[in-house]
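Notes for the one structure printed next.
Bear in mind the structure is a predicted one, so any value in this text is a computation, not a measurement. Indexing begins at 1, ligand by ligand and atom by atom, following the structure's order. All residue numbers in this chain count up from 1 along the given sequence.
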Amino acid sequence: MAADKIAVIGGGAAGLMAAVSAARRGARVTVFEHNDRVGKKLLATGNGRCNYTNMNMAPDYYGTRKPGQVKKVLDCFPPEKAVALLEQLGICPRYRGSLVYPNSDQASSVLDCFRTACTGLGVCFRTDSHVSAVMPAPGKRTGGEGTGGSLRDKETAGWLVTAGGRTYPFDRVILAAGSKASDIPGADGSGYVLAQKTGHALVPVYPALVQLTSGDPFLKGLAGVRCQGTVSLCIDGRVVAEDTGEVQLTQYGVSGIPAFQVSRQAAPALEQGRRVTVLLNFLPQWDREEAAAYLDRRAEGMRACTLEEYFSGLLNKKLSSAIIRRVGLKAAAPAAEWSRYRQQLFRQITAFTVHITGTRGFSAAQVCSGGVDLGQVNCPSMESRLHAGLYFAGEILDADGLCGGYNLHWAWATGYLAGTHSARKG
Ligand SMILES: Cc1cc2nc3c(=O)[nH]c(=O)nc-3n(C[C@H](O)[C@H](O)[C@H](O)COP(=O)(O)OP(=O)(O)OC[C@H]3O[C@@H](n4cnc5c(N)ncnc54)[C@H](O)[C@@H]3O)c2cc1C
């Protein structure tokens, strides 16, 4: 029997994993990639070190409209599986807490291992090939749960992929064209259009894991501050997300991992005209009572000092100057003022408000929230519920993970499942 012919649209993390998984099951795989080479985004991951999974895995670490579908995928593909599969390709894991990197600390070595595996398995790379259409071959009857009968019964002729003015026939197609996040070439969102043209619905797409912007004038004076802090994202005054780590204050707003982690809800809320703020707690190591007790004790012991001296060694100098000014005091004021302005100062130290006006947009984002509705995709096979023989993998789907290896894990998991299931048929 002739081998299945499978097209993978997109040579990113998900597409490469799908290609290897399908080819290992005997399929003849062609990867279409519109860049001049595969894996460009993969090279940029983890600051070039590629944080490729996280041993602390749960559906809660993903944003999606269909958490049950995400759970089905993660249940079939835990982090141990990602580590084992990548190890088979030659990637020795290095654990930093629960985060996993290649021991080489080079994202390029992860890409090299996939390329080597693909070459060994006879995967064909068609680079510089922009896919402009993916459609069922004429005469193909499409499946779908609502149409009665199983998808398999209804599957017939196959799929046509148009790239660079030519149309190629395939038995099955895996759409792994990623999102429109980052300024890395290739991230143009054209995969969403391909999915929509096959009738798939999109959950609205927004930048996520992205810096938050603000017009607050005091930020100019805070540019360059890096400090430990908790960032709480508030929508209409209610805290909806929170994260602690190294906060970076910039001229345009708030950056750093904690800002990224809470950012996914900012863009849609702003679009709906809702009020978005972040509260910064610069003493995240203590709860409120402990922080208050410490600050009171410190004030008592430093009554003879100035406020500037009181804050010296406690907070970054630019930050303490802004806090003192926001309360309407002077740096040279006596620290004894602490007792009079205690509440206001405490609020500025533990709930410093920044009004958010936007995000740095798709080009600065690491991922997108939203994407192909998982309700129209069978999990864990990753096959379309609308069309037999059409599969989805990676960030094109409506699932975005937190920083920490969750997005690559999603790419490996869905790539593996789509590759395996697409090649099992026939
Ligand atoms: C700077 C940065 C750092 C990151 N670091 C991490 C990290 O350390 N850990 C982590 O888990 N996640 C990280 N991420 C997120 C992670 O890289 C992505 O979630 C993941 O790469 C998505 O894989 P994918 O295969 O779905 O999409 P992509 O990697 O984007 O691959 C899609 C491919 O499809 C191609 N393509 C698109 N449309 C077409 C078309 N019409 N025709 C032909 N080809 C097409 C694109 O050129 C691209 O090569 C990072 C992201 C960025 C931007």
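Under 3.5 Å, the side chains of Asp400 and Ser369 contain no donor-acceptor pair of N or O atoms. A side-chain donor-acceptor contact under 3.5 Å links Tyr416 and Lys81. With hydrogens and angles left out, the side-chain atoms of Ser232 and Glu242 include a donor and acceptor closer than 3.5 Å.
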Would you be so kind as to tabulate the donor-acceptor pairs closer than 3.5 Å made by side chains of residues 70-78, with sequence neighbours excluded?
from	atom 1	to	atom 2	distance (Å)
Lys71	NZ	Asp75	OD2	2.8
Lys72	NZ	Gln69	OE1	3.1

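Residues lining ligand 1 at a heavy-atom distance below 4.0 Å are given as Gly10, Gly11, Gly12, Ala13, Ala14, Phe32, Glu33, His34, Asn35, Lys41, Ala44, Thr45, Gly46, Asn51, Ser129, His130, Val131, Ala176, Ala177, Gly178, Ser182, Gly186, Asp188, Ser190, Gln366, Val367, Gly394, Glu395, Gly405, Tyr406, Asn407, Leu408, Ala411, ordered by chain and residue number.
Judged by distance alone, with hydrogens and angles left aside, the side-chain atoms of Asp373 form a donor-acceptor pair with the main-chain N or O of Gly375 at under 3.5 Å.
In this structure, Asn47 places its CG atom where only 12 or fewer heavy-atom neighbours from other residues, nucleotides or ligands lie under 6.0 Å away.
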